[in-house]
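A short worksheet on the structure shown next.
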Amino acid sequence: MKFNIKETFNKELPSDPILENSRRQVEKACFSYVTPKHTANPSMVHVSPEMAKELGFSKEYIQSEEFLKIFTGNKVIEGTTPYAMCYGGHQFGNWAGQLGDGRAINLTEIEQNGKHWALQLKGAGETPYSRTADGLAVLRSSIREYLCSEAMYHLGVPTTRALSLALSGDQVLRDVLYNGNPAYEKGAIVCRVAPSFLRFGNYQIFAAHEDIATMKTLVDYTIRHFFPELGKPSKETYAKFFRAVADATLEMLVHWQRVGFVHGVMNTDNLSILGLTIDYGPYGWLEGYDHGWTPNTTDRQHSRYRYGNQPNIGLWNLYQLANALYPLIGEAEPLENVLEGFKTEFEDKYREMMKSKIGLFSEDANDQKLLDDLEENLQLTETDMTLFFRNLSNFKKEAENADSYMKVVEDAFYIPEEVKGEVLDKWLLWFNTYQTRLDKESLTDAERNEKMNVINPKYVLRNYMAQLAIDAADEGDYNLIEELFNLLKKPYDEQPEREKWFAKRPDWARNKVGCSMLSCSS
C-alpha cells in the first residue's frame, strides 16, 4: 500500500531537539518525535468501512498484515516520522501547565480525494508528555471512543473520526474509579482520524511560556492550512481567526445540546481548534433530561462540566484562548467583541434548534416561554430525552384530550406513576399551548413528523449499550460492537429490526459502573 503522504505539522513547525523518549518539559517546540511501542500479540477487532474508504484503503488492505502492524504501532509507515504534540491546558478551571499527547502518537498526514487527514494512534505507548502514566489504553475505553466517534459523525455532530480498534495483546493496569483497586485489563489501540488534532492548549502553552514567536509560527501554520480564506497573517487576520474558532465551537456546542451529549471533561486541552468533538473519555448521553447531570465521577462534586453548563464552559475556554492570542493582536477589543457576541449568538441558535426539535419553524412571540416551560416540565420527573423528542413527532394537531396528549410521550417517563396531580396539570397545560401553537404552522402532521425526525435521533450510544459491548468483548465476542456500529450509522432511521435499542435505560444500569459512573480513565 502506497500512502499519499502530505506531512505538514512535523515539516513546517519547530520540533523538540531531544530525541530520547524521556518525560520532560519541552520548550520552543510544537512536538517531539516518538516511535510507537511494539505490542505482544496484536489483533484487529473492528475497522470502519466508511473511514477506510474515505482514506483510500481497500477491503483487501484492511485485512492485511501490514494494516494490522501499522495501526497497532508495530510498523512505521515508510518515509514518515511519528510524533507527539506539545500543549498545555486548564483542567477543571486551573492551569495545569504542560500536558501534551501523553497516550497519543501521530503517525502521519495523508491526502485523499482532496481531503487532508491526520492519523493518530491512541494507546500506542509512552511519550515525553506521559508524565507518570504508561501511554497505553484499555479495551473498555477504546470501545467507547471507537463507537462514539463514528456515532457522533452520523448524528451530524462535528467530530474526530475513528478508523480502527485493535487489541495489543498486552495487559494494562488500571484503577477504574481511582479508589485504590487497580486491576489488569486488555490493552487496546484506536486509530483516530481528523484534519488536525490541534487544541486550544497547543496555543496556550506558548503564551504561558511567553514564547510568542513560536505561537505566531503555529497560528500562521493553522491559518495557512485550515483557515486559508482568512488571508495572510496580520492583526486583523488573527482576530478573524479567533472569530472562526468561536463560531466553530458554538456550532459544535449547539449540536451537543441537540442530541443530549455531555462531554464530561471540557478542559481547554480537550477543545479542538476546528470545532470538532475530541477526546472521548467520561462522556455520556442524557437519559433523564437533567441540566445538572455530568457523567464524570471526578466532576461529581462541583459538576463544572454538566450538560446545562457546556455552553458557559465553551465561552470560558474561549476566554483562555483569547488571552493566549492577545499578544499577536495587541488590543483587546476585537477579541472582546467576539466573546461578548458569543452568548447572544448561542442563545439565538439554541432557541432555533430547540424550536426545530418540537417542530416549530415559523416565528411567534411566545415561543421562548413555550420552550422554557417545556424544559421545566422535562425535569419534573425523570424523562428520557431521546424518547421524548423522538416520540413528540407523532403528536397530532387534532389531538382531542388529555389521554391522547400524554399517550404520545408516556414511554419517556421513567416513573410513570409520578405523572399525576400538579405534574400532570403542567404537562396538560403545556400540550394545550403547544397544540394551539402548531395551528400557526403551515406543515401537515406528516410533514412536521418528517422534519422533526431528522433533528431528533432515534438511536444514541447510551452508556449501558457501550457497556454491554465492552462486557461481551472482554469475553472475546465482538458481535455487539458490530451490531451497535451498524445501528448508529443510521441514527435517524426507524430500523424496526433494531427497535429494542429504542428504549429507556434499564434499571440494572442506573448505578452500574460504566453506565452511570465514569472516570477520566473511561
Side-chain angles (χ1 to χ4, degrees), residues 3-22 24-36 76-77 79-89 97-111 115-122 124 127-130 160 192-228 230-234 237-238 241-242 244-245 268-276 278-279 321 324-325 327-329:
F3 292 82
N4 186 23
I5 306 296
K6 293 288 181 185
E7 293 188 326
T8 60
F9 194 89
N10 60 345
K11 294 289 189 284
E12 300 177 23
L13 294 168
S15 64
D16 176 5
I18 301 172
L19 297 181
E20 75 171 281
N21 193 358
S22 61
R24 58 185 179 272
Q25 290 295 306
V26 174
E27 301 282 343
K28 299 185 184 302
C30 294
F31 65 93
S32 302
Y33 289 111
V34 60
T35 303
V76 173
I77 300 168
T80 68
T81 46
Y83 58 92
M85 299 166 88
C86 179
Y87 49 82
Q98 177 181 292
L99 297 167
D101 283 335
R103 58 173 172 166
I105 296 175
N106 300 271
L107 295 181
T108 191
E109 299 164 68
I110 66 173
E111 280 191 6
K115 292 183 180 177
H116 186 88
W117 298 106
L119 306 178
Q120 182 185 87
L121 297 185
K122 184 173 181 179
T127 78
Y129 311 101
S130 297
T160 56
R192 308 198 286 192
V193 184
S196 173
F197 289 96
L198 280 164
R199 306 128 185 280
F200 287 17
N202 287 88
Y203 309 85
Q204 286 184 281
I205 191 69
F206 298 119
H209 291 165
E210 298 183 354
D211 181 5
I212 307 309
T214 305
M215 182 172 67
K216 181 180 186 304
T217 299
L218 179 60
V219 173
D220 290 352
Y221 163 87
T222 309
I223 292 171
R224 185 164 63 251
H225 288 286
F226 305 106
F227 300 89
L230 300 182
K232 292 183 178 179
S234 67
T237 303
Y238 297 141
F241 167 62
F242 182 64
V245 173
T268 57
D269 58 297
N270 291 339
L271 245 65
S272 158
I273 206 75
L274 302 181
L276 305 174
I278 196 169
D279 284 346
L321 180 62
L325 296 177
L328 298 183
I329 299 170

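As a basis for the values below, the full set of heavy atoms in this structure was taken, side chains included, without hydrogen atoms, waters or symmetry mates.
With sequence neighbours left out, Ser234 forms a side chain to side chain donor-acceptor pair (under 3.5 Å) with Glu236, Thr237.
Pro195 is listed as a side-chain neighbour of Trp117, based on a closest heavy-atom distance under 4.5 Å. Considering only heavy atoms from C-beta on, Tyr238 stays 4.5 Å or farther from Leu230 through its side chain. Side-chain contact between Glu7 and Thr80 is present, with heavy atoms from C-beta onward closer than 4.5 Å. A 4.5 Å side-chain heavy-atom check between Pro36 and Leu107 finds at least one atom pair inside the cut-off. Side chains of Leu218 and Phe9 form a contact here, defined as non-hydrogen atoms less than 4.5 Å apart. Contact check for Ser32 versus Thr127: no side-chain heavy atoms found under the 4.5 Å cut-off. With contacts defined as side-chain heavy-atom distances shorter than 4.5 Å, the pair Ile273/Asn202 does not qualify. Within the 4.5 Å cutoff, no side-chain heavy atoms of Asp16 are placed close to those of Cys86.
Using a distance-only test at 3.5 Å, with no hydrogens or angles considered, a donor-acceptor pair links the side chain of Gln98 to the main chain of Val26.
Asn270 CG to Ile278 CD1: the interatomic distance, rounded to the nearest 0.5 Å, is 7.5 Å. Note that CZ of Phe206 is 9.5 Å distant from NZ of Lys28, once rounded to the nearest 0.5 Å. Here the straight-line distance linking atom CZ of Phe226 with atom CG of Leu198 works out to 6.0 Å at 0.5 Å rounding.
Ring pair His225/Tyr221 is tilted by interplanar angle, where 30° to 60° counts as tilted.
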Problem - Ile329 vs Phe242, side chain to side chain contact (heavy atoms under 4.5 Å, CB included): CA-CA, chis, key distance, verdict - result: CA-CA 11 Å; Ile329 299 170; Phe242 182 64; 5.6 Å; no
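The side-chain hydrogen bond (donor to acceptor under 3.5 Å, both in side chains) test with Arg192 singles out one residue from Asp279, Thr160, Asn106, and that residue is Asp279.
Around NZ of Lys11, the count of heavy atoms belonging to other residues, nucleotides or ligands within 6.0 Å exceeds 12.
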